[in-house]
There are 2 protein chains.
Amino acid sequence: MEEGHPQETCLRISQLLSRVGDKWVILVIRALQPEAKRFNALKREIGDISQKMLSATLRNLERDGFVRRTVTPVTPPMVEYALTDLGRELLCPVQALADWTASNADRIEAARAAYDSRGEDGAAATAA
Amino acid sequence: MEEGHPQETCLRISQLLSRVGDKWVILVIRALQPEAKRFNALKREIGDISQKMLSATLRNLERDGFVRRTVTPVTPPMVEYALTDLGRELLCPVQALADWTASNADRIEAARAAYDSRGEDGAAATAA
DNA sequence: CAGAATCCAGCCGGATACTG
DNA sequence: CAGTATCCGGCTGGATTCTG
């Protein structure tokens, strides 16, 4: 790891993290992990997602090279989405972060509860 | 890892990823990594950040237990921010993701370039 | 110095309607 | 089936102003 342009590197990392945290990507790549899926199958499986967000998410993931879109020109048209090698590789560090989150969710929640109770407590005694 | 509530787990992960991708957190925790810093020192070091965003980012990080805020009641008041143990632990999987990003940034950019050229090419030949 | 409050522009994400 | 187009509310994030 060279340290020539740390700011730029931070920017890239931040951007990728924003993408990965984009609210639907985790669900989408999780749904694509076992096997390729079609658009509406994906939509049904995820459930709450609107088709606008699903197509936007898939387009972003495809653009970044994490998902491959395959069109079979039959009628009605069939489109399949699958993770690429890059997408599967991305999953490793993301999975590590996911595992860490799952392991420490209670610590985070405890910190939040402590923070919130501190806030409501000594300070705003005049209000409410 | 139990698989009892995968959706909830995904939600937590996604939320944490959103926080971590929050545009300034990487810069902030990076600045705090070597040592505790004061508010304006942090602001100067990061540079582009507005004080609103810096205080909001710090507040979120403090609430989640990643940063500890220490007030020394002198005049003028001195406030120091430092990473907690939890914050330093979080850095490990984040660093892994950062390393992956740095290692694969060129592959992502190549995918984007390919995608963009595909888009401009065969399709919208009528326009422009 | 360390923030809180306010105002405001722009983007995100959802609902709906329409197309090939 | 697999999308695109449009409208619209809400949140994000920045600039400015004010406070202790």
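The figures that follow rest on heavy atoms only: side chains count, while hydrogens, waters and symmetry mates do not.
- Between Val28(A) and Tyr81(A) the shortest side-chain heavy-atom distance does not fall below 4.5 Å.
- Remark on the helix from dC1(C)-dG20(D) to dG20(C)-dC1(D): inter-end axis angle 40°, axes from five-pair C1' superpositions, rounded to 10°.
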Whether each nucleotide of nucleotides 10-20 of chain D has a protein heavy atom under 4.0 Å at its base (B), only at its sugar-phosphate (S) or at neither (-) is summarised, 5' to 3', as ---BBBBB--B
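- Between Leu90(A) and Leu97(B), some side-chain heavy-atom pair lies under the 4.5 Å cut-off.
- Of the residues in residues 65-75 of chain A, not one comes within less than 4.0 Å of DNA chain C through any heavy atom.
- Looking at residues two or more places apart in sequence or on another chain, you find no salt bridge (charged side-chain N to carboxylate O under 4.0 Å, His left out) involving Lys43(A).
- Between the side chain of Thr84(A) and the backbone N or O of Gly65(A), at least one donor-acceptor pair lies under 3.5 Å.
- Using a 4.5 Å heavy-atom threshold, the side chains of Arg69(A) and Leu58(A) count as separate.
- With a cutoff of under 4.0 Å to any heavy atom of chain B, the contacted region of DNA chain C is bounded 5' to 3' by dC1(C) to dC7(C).
- Counting only heavy atoms from C-beta outward, the side chains of Asn60(A) and Phe66(A) never approach each other to under 4.5 Å.
- Residue Lys37(A) contributes atom NZ, which lies 16 Å from atom P of dC1(D) at whole-angstrom precision.
- Using a 4.5 Å heavy-atom threshold, the side chains of Leu11(A) and Leu27(B) count as separate.
- Within the structure, side-chain hydrogen bond (donor to acceptor under 3.5 Å, both in side chains) pairs that include any residue of residues 45-59 of chain A comprise Lys37(A)-Glu45(A) (at least two apart or interchain).
- Put simply, the side chain of Glu62(B) reaches to within 4.5 Å of the side chain of Tyr115(A), judged on heavy atoms.
- For the pair Val79(B)/Thr72(B), no side-chain contact is recorded, criterion being any heavy-atom separation below 4.5 Å from C-beta on.
- Salt-bridge annotation for Arg12(B) and Glu109(A): present, with a side-chain N of the basic residue lying under 4.0 Å from a carboxylate O of the acidic one.
- Contact annotation: the side chain of Ile26(B) approaches that of Leu17(A) to within less than 4.5 Å [non-hydrogen atoms, C-beta and beyond].
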